[in-house]
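First the structure, in the form of structure tokens, and then the observations on it.
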Amino acid sequence: MQNQLDDRIIQVLNHEGEVAGELPELSDDELRAMYRWMVFGRVFSDRMVALQRQGRSNTFAPLTGQEASVALATALQPDDWFVGSYREILPILAKGVPPLAMLETYKGYIPTQYSREAHTLPIQIVLAAQMPHAAGLAMAIKYEGKPHVAVGVCGDGATSEGDFNETLNFAGVFKAPLVVVVQNNGWAISVPRRVQTAASFIADRGPGFGVPSFVVDGNDVLAVHKVMADCVARARAGDGPSLVEMMTYRMGAHTTADDPTKYRPEEELAYWKPRDPLLRMRMYLLSKGLLSNTEDEQMHEAVAAEIQTAVSALDAMPPTEPSRLFELVYETPTPQLVAQRAALQDIGD
Amino acid sequence: MQNQLDDRIIQVLNHEGEVAGELPELSDDELRAMYRWMVFGRVFSDRMVALQRQGRSNTFAPLTGQEASVALATALQPDDWFVGSYREILPILAKGVPPLAMLETYKGYIPTQYSREAHTLPIQIVLAAQMPHAAGLAMAIKYEGKPHVAVGVCGDGATSEGDFNETLNFAGVFKAPLVVVVQNNGWAISVPRRVQTAASFIADRGPGFGVPSFVVDGNDVLAVHKVMADCVARARAGDGPSLVEMMTYRMGAHTTADDPTKYRPEEELAYWKPRDPLLRMRMYLLSKGLLSNTEDEQMHEAVAAEIQTAVSALDAMPPTEPSRLFELVYETPTPQLVAQRAALQDIGD
Amino acid sequence: MPKWTMVQALNNALELELEQDERVLIFGEDVGLNGGVFRVTDGLQAKFGERRVFDTPLAESGIIGTAVGMAVYGLRPVPEIQFAGFSFVSFNQIASQATKMRLRSGGVFTVPLVIRAPFGGGVRTPELHGDSVEAFYMHMQGIKVVIPSNPYDAKGLLHAAIADPDPVLFLEHMKLYRSIRQDVPAERYEVALGKAAVAQEGSDITVISYGAMLHVALQAAELIAKEDGASVEVVDLRTISPLDEATIAASVSKTGRAVVVNEAPRAGGVAAEVIAVINEQCLYSLLKPVARVTCPDTPFPVPSIEDAFVPTAVRIAAAIRETLKP
Amino acid sequence: MPKWTMVQALNNALELELEQDERVLIFGEDVGLNGGVFRVTDGLQAKFGERRVFDTPLAESGIIGTAVGMAVYGLRPVPEIQFAGFSFVSFNQIASQATKMRLRSGGVFTVPLVIRAPFGGGVRTPELHGDSVEAFYMHMQGIKVVIPSNPYDAKGLLHAAIADPDPVLFLEHMKLYRSIRQDVPAERYEVALGKAAVAQEGSDITVISYGAMLHVALQAAELIAKEDGASVEVVDLRTISPLDEATIAASVSKTGRAVVVNEAPRAGGVAAEVIAVINEQCLYSLLKPVARVTCPDTPFPVPSIEDAFVPTAVRIAAAIRETLKP
Ligand SMILES: Cc1ncc(C[n+]2csc(CCOP(=O)(O)OP(=O)(O)O)c2C)c(N)n1
Ligand SMILES: Cc1ncc(C[n+]2csc(CCOP(=O)(O)OP(=O)(O)O)c2C)c(N)n1
Ligand SMILES: [Mg+2]
Ligand SMILES: [Mg+2]
């Protein structure tokens, strides 16, 4: 149980949903909106898994248990950039990427629904390779003198890659307005966190690159929001990068292609079940009177309906035309690509 | 002057050659032998530069000012492995690689003088790429249950590469009998240390990988020996890896192709001149009566003669036969290589 | 003889190697308790322990770089890269390290290393899992590149690769992992590196391919035999580097016509090298231009459109027909 | 018009770009105060400040990876890799990131990025400095590869590369940095990417090359003209990817004979692709097999034996003579 609480771990709500630290400044509406996104993440993930089981979608990485990741987006402004991988779907959606873009991607289509305005890069598959992009975005923001920040997120496994470390180093040297976030969910497929590094905390990487670092209870959405808000504010003020390690837990399989019973001790899941980030936030909202059980049910239904709308929109979409791929290699297809497209179409006919 | 002394920097001799810390256990003969190697390094480096100027050798990276690096080898046993780059010539020689092997390499020949018994990898050119090899050697030593260690060395610039960080991480996770050493000489060609990382010390990388780390006065050969002896002993005892940062200074140009007046502040050199590691050790030996000025001169002459012998041996060597390259791609040349070798020989005739 | 899939044949080869040679080590991401994401290393940790078969941190450059050190020391590391596309993260350790140590040390240090990695289209994987990367490694000196097309060859080639004193990149096409069962001897045997096989003899035209495409080529050959009555010789390269130029030249000299098929993109692919070899060795036998059937010069397509890109029997048959024209 | 070396022409192109476009940034190892190890960026930091021209930590993957982020943001990064052989450390950021962002985002995010890097034999550099790497990048989709053979083209191609909306790898042969002076206009002009040039017209045979080898090919052509009285057409590819197939085909259709020269090793090199193109486009015009003159399939040779490996005018002339035989 490497993720046990520790003095260093910043917490706002304990796992009973009781206030255990200083609350971030959030209005009641913001709190409810945050909870709604968490519900969205849970329902969306379950729906994706179901679609995959029905053969209507390709391999999907469930985010169950990591819904506090929505707070990686809630602390951001529209012009801030968000960069993550397959496990960051929830903050990607919350940052403004339409659910349809995710559905397209997992359907195996070339996405048509990305927009520059969400300031969010597509999901990264090569672990940690997105992190230098986030640093580069932050360097560009600084170069242009803009008051924005970039957030780059990866998993605990990805922190072992050279690119993760080079990112911290570039961010430190250039004092880039970047927040580097690690969603430490205890596992990299079947490889437990202790095999990734002998350090006590991944956050211990920070000082070696001159980057202030923080460990936060990653199942406590309010704590994550608070830490992120602080780090983002410092970056915005020109005070440079930070490293945030979220202690969370992957409650599901790695992906729909994975069978965690092969490697995961049952007690571990039992330990984490009551620490479910959704439960905790719901208990808090219920206790504060910001949510009733009925409202909660209604919210679940509304979210499911919203997702169904996106799924229906996907079903109504024409599948990707093979020829579209030829348009996306270069701005102008090379003579070779033009000829190859024509040749493929001939055969297709 | 980022290399100014600091509480954390382990020192045995101050730059006046006075004892400022606990002396390592070394016999008088060992002390004299160590000093002789330092002289060897200085004279060898100067000679290589001269050979390059005469067109008798290719680009060379002088090691002047970094002669305390010999202590990276003096703490090792014959079966321990040493892995470094072009700046580590002195410990490579001290570890048992014949000077002729270095002369061949810099002459642009395929070396014939390496021996497996020196347990020393050839000079690495791709910065930091040798570091995982050192970790792999250490893992192999541990796998075989041998009481040996591996030492991997790179420069301050090389620590920015992914491979450097991945090495620390593997070493930590596998508790490999490895000592990772950084020769922080203040510069990576024209790029000063502060541009490499925002960390106060490169040694601060250690804790982020669970690797104990030490900062040592890298111009104090006794301090380097002492720290290395400790780290090597711990590794040998099964207590895992360490990270050692040597604070030293590149007193010459980066290589014979480089002009440091383009970028290096003069005051910096002035600061470091009196901190010359050779001077310091000589003052200590003189003060202890372990060396006289005459003996010192004789030693310089003997070393120069020894190097001359190697240079003469090089001059007497037949140059590399082009066909030899074909023998060193695979153990058995492929049919393609056999045909290509024959074709090249036809043209040559 | 047991009827095994390629996964079983590979698993058996690794088991035999671990049994017979203490120097053999298997490591990588998820190869331990989990047995690899495709179960190629299934059960090996249970049998040989964590010392011999172990998970590493998630860092391909570190995996290959430490393997180089182990190989120099005298071990026989067999690391796995989870998908061949991720070998790019370790490109420098392969291109400039594993393959250069022999030269750099004047022959004193060698790197007997086998890098296993799955790849290939047709199985609807996410981005960069399906890419065929062999041409990048074919242009590298000091490494051999192997791609088996069936369980029998897979086992024999893997044994030969592990016995080889130099680095070998061993690429396993995901589509072949479980789609074919074959008689595979349970004991150790080698299929020599550097030797192509004539998968089907024929007289009118030669189709040269490897890996999953070999089977598509065989389908096309069948189609042509049935519909056009022509006799197609099909060559399975098996080793991509070094190419078996003699087998290629012998076949094309005989048939006078050739189609080369690879799943990778066209420009600078294996097919180009095969065509260059044919040009050099048997141009005068050639009755028509050699046809190339490959993926186009695009990134590997997203799953929903894969089938329009990866060479099909119909596309290969069309190229054969075109090349058969007088 | 000033007579400039390639270093001066490149320096001038970078200066003009920095002047005219605030989005252009130059960074890498030693490119700032030191002006690059070959002085290609000399004086640029002094003129444009550390904000526009700066040194980075020593990490090629970080350099290219951050450049990708900057390019997505809307800047025009022009990072330098100190020697092309070290680009392998950043191979994944080039092969799977810079070149894939357009597709991954459905065209929303693009990566206008120019990676400059020196390479090439004949200048007695240490290991891995001299290696010709272009074939690795030719097989990559979503990047263009440029190798100029003279100062005029170098400047014009660099302007075109920086103006290009997609990643470009711009390879500068070290031997050409200072060995040729040429009239170079001081103002901005473009030499189009993707267009080969006929460096010398001829009628009996075509020699196809690029970079430093182009000049060796021209010497061979002169030798052949003088000693054999044959007329050699010499094609300078200039852009390696995408290849200008039309120019290649036009020339070989005319002459009926071809020799392809590249400095890189043979297997899977650029010459193989050029031969495949000739096979496809003008096999029927071909009177003899196309000859390949390349380095052998060895690592780049150590300095003392370089000259025995890198193609020479004598070797090229021998290949021309062989190919000219009836
Ligand atoms: C460079 C690279 N290597 C390997 C993989 C295969 N792979 C995909 S996910 C995964 C585990 C990732 O673990 P972690 O970074 O902790 O993220 P999590 O899945 O737990 O969110 C691996 C090994 C990959 N996608 N990229
Ligand atoms: C991967 C790689 N990138 C760039 C270079 C070019 N280069 C050679 S030495 C050097 C500076 C190295 O600095 P440092 O690591 O501090 O070692 P030092 O030379 O100071 O001993 C550079 C950039 C290289 N050899 N390898
Ligand atoms: Mg994880
Ligand atoms: Mg240095």
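Chain identifiers are assigned alphabetically (A, B, ...) following the order of the sequence lines, protein sequences preceding nucleic acid strands; residue numbering begins at 1 within each chain.
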Give, as side chain, backbone, both or neither, the part of [X] having an atom under 4.5 angstrom from any heavy atom of chain B.
X	value
D:P126	side chain
D:T298	both
D:L33	both
D:E60	both

Please classify the contact between [X] and chain D as side chain, backbone, both or neither, with a heavy-atom cut-off of under 4.5 Å.
X	value
B:A158	backbone
B:E161	both
B:L337	side chain

Parallel, tilted or perpendicular, as decided by the 30° and 60° cut-offs, for the rings of B:Y263 and B:W187 = tilted
Ignoring hydrogens and angles, state whether a donor on the side chain of [X] or [Y] is under 3.5 Å from an acceptor on the partner side chain.
X	Y	answer
B:S160	B:Q196	yes
D:N262	D:T294	no
B:Q52	B:N58	no
D:H173	D:E263	yes
D:T56	D:E29	no

- Could you go through the side-chain contact (heavy atoms from CB on, under 4.5 Å) check for D:T99 and D:Y137 one step at a time? CA-CA 11 Å; D:T99 55; D:Y137 295 97; over 6 Å; no
Exercise. Let me see the working for B:V195 and D:F54 under side-chain contact (heavy atoms from CB on, under 4.5 Å), right down to the final yes or no.
Key: CA-CA 10 Å; B:V195 174; D:F54 55 92; over 6 Å; no
- Task: Carefully, step by step, assess D:N11 and D:R39 under the rule side-chain hydrogen bond (donor to acceptor under 3.5 Å, both in side chains).
- Result: CA-CA 8 Å; D:N11 182 271; D:R39 306 289 179 254; over 6 Å; no
Counting heavy-atom pairs under 4.5 angstrom with chain B, the leader among D:A267, D:G35, D:P299, D:G62 is D:P299
Within residues 212-227 of chain D, contacts to chain B at heavy-atom distances under 4.5 Å involve none
